[in-house]
Structures are given as C-alpha cells and as structure tokens.
Amino acid sequence: MLEINEQIRIEDWELTEQFIRASGPGGQNVNKVSTAVELRFEAERSPNLPAPVKTRLRKLAGRRWTNEGALILQVDETRSQARNREIARQRLIELIQKALVKPKRRIPTRPTLGSKRRRLEGKKARGTIKSLRGKVDPDA
C-alpha cells in the first residue's frame, strides 16, 4: 500500500509492476538481468482518487496515460531493480501530490487608463515617423 497523504492511500491491487531489460550501460549484465521497472497504476478505476484529481492527473501524465485509464511509469536509472522500483513509486507519489493541488482561478485584469494612453501615444509617434518616410519632392 502506498500512502499519498492522510486521506489518500493506493491499494496494492491498483499497482502492477513488471521488470524489463534496461537499455544503456551495464556491460553483459544488461543483457541478462531485468533491472528496469514498469509501474502501472490503474488511476481511472481507483476508488481512492476524487474525480477532479483524476482529471488533473491525466493532464499531468500526458503520454504516460493509456486509453484504458492507466498511468505507466518506466524507470531504468540505476542498475538495481529495487532502487528503480523505489524511484518509480516515489515518482507516482509526487505526480499524485501535484494533481492534488487545485490551481488558482485566473481573474482577468483590465489595462489601466495610463497604459492605454501610453500605447496610443506610442502608436501615434510611430505613425508620424513612418509618414515622414515618404518620397522626397525634388522641387521643394
């Protein structure tokens, strides 16, 4: 069981771990030992996560979210299977904790009168500069 905070706990049945062969350095060991971990969390079916948290989690997960509503994390950072498993579980906890934070509603602001005036003065000044760029009259 994984504990996210006081209210949210993830049961063991929601998590599936699969060990796969890691790519990268490791010598001959890399071809023999499955050290990389693929952690699958059935987020959509989880009774412990509220609906808004699931929605934010889906957004945060991006490509790691499957069509079935599962979150898949792959870790092959270290040569140790146990350490990779630990890292994957920690990443899942961090991701869920980020999803728990409700974003603040943006209150749109209006431009001040002074900023409007400055913008219009700038446009007018630029317009006069451009109007002076016309053809030169040879007779004048």
Side-chain angles (χ1 to χ4, degrees):
M1 182 168 58
L2 251 141
E3 195 167 318
I4 308 300
N5 61 17
E6 294 85 47
Q7 294 88 21
I8 298 174
R9 286 177 178 79
I10 295 170
E11 302 299 324
D12 290 331
W13 67 266
E14 299 175 76
L15 296 173
T16 323
E17 287 174 337
Q18 189 177 6
F19 296 100
I20 49 177
R21 289 201 182 126
S23 61
Q28 292 176 352
N29 197 46
V30 83
N31 300 324
K32 296 185 290 186
V33 185
S34 299
T35 53
V37 68
E38 185 180 88
L39 182 69
R40 183 182 179 96
F41 170 52
E42 299 296 335
E44 201 64 55
R45 295 189 304 164
S46 176
N48 303 318
L49 289 180
V53 174
K54 286 180 189 177
T55 309
R56 287 193 291 268
L57 185 62
R58 181 186 296 123
K59 205 172 203 176
L60 283 170
R63 287 188 349 205
R64 296 175 291 190
W65 191 273
T66 65
N67 293 335
E68 298 88 51
L71 175 67
I72 297 177
L73 296 172
Q74 277 190 337
V75 179
D76 61 349
E77 283 182 13
T78 64
R79 292 187 190 183
S80 162
Q81 192 181 72
R83 183 74 187 110
N84 282 337
R85 186 173 180 231
E86 230 175 78
I87 293 168
R89 285 173 171 256
Q90 193 57 46
R91 280 190 192 163
L92 178 65
I93 291 170
E94 287 167 9
L95 206 60
I96 294 171
Q97 283 174 342
K98 267 188 199 170
L100 286 170
V101 178
K102 189 178 178 188
K104 286 194 336 194
R105 235 183 98 239
R106 184 188 173 277
I107 300 164
T109 57
R110 290 176 59 199
T112 62
L113 198 64
S115 70
K116 283 181 186 176
R117 199 174 286 128
R118 283 190 298 272
R119 182 180 66 87
L120 292 174
E121 283 169 5
K123 283 169 75 78
K124 195 170 272 308
R126 195 82 196 135
T128 53
I129 289 169
K130 287 187 172 189
S131 68
L132 294 173
R133 287 188 193 153
K135 285 198 170 146
V136 180
D137 190 24
D139 299 330

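Since we're looking at a predicted model, the values are computed, not measured.
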Of all the heavy-atom pairs spanning [X] and [Y], show the shortest one and how long it is.
{"X": "Arg58", "Y": "Trp65", "result": "NE-NE1, 3.4 Å"}
{"X": "Pro50", "Y": "Ile8", "result": "CD-CD1, 4.3 Å"}
{"X": "Arg40", "Y": "Ile72", "result": "NH1-CD1, 3.3 Å"}
{"X": "Glu38", "Y": "Gln74", "result": "OE2-NE2, 2.9 Å"}
{"X": "Glu14", "Y": "Arg9", "result": "OE2-O, 4.4 Å"}
{"X": "Val37", "Y": "Ala88", "result": "CG1-CB, 3.8 Å"}

Could you tell me whether Glu86 and Arg83 have a side-chain N and a carboxylate O separated by less than 4.0 Å?
yes

So do the side chains of Ile96 and Leu49 get within less than 4.5 Å of each other, counting heavy atoms only?
yes

Is any side-chain heavy atom of Glu94 closer than 4.5 Å to a side-chain heavy atom of Gln90?
yes

At what distance, to the nearest 0.5 angstrom, does CG of Leu100 lie from CG of Leu57?
9.0 Å

Checking side-chain contact (heavy atoms from CB on, under 4.5 Å) between Arg89 and each of Leu73, Ile10, Leu15, which is the one that passes?
Leu15

Verify, without hydrogens or angle tests, whether Ser131 (side chain) and Thr128 (backbone) share a donor-acceptor contact under 3.5 angstrom.
yes

In the single-linkage hydrophobic clustering (I, L, V, M, F, W, Y; side-chain heavy atoms under 4.5 Å), do Leu92 and Val53 co-cluster?
yes

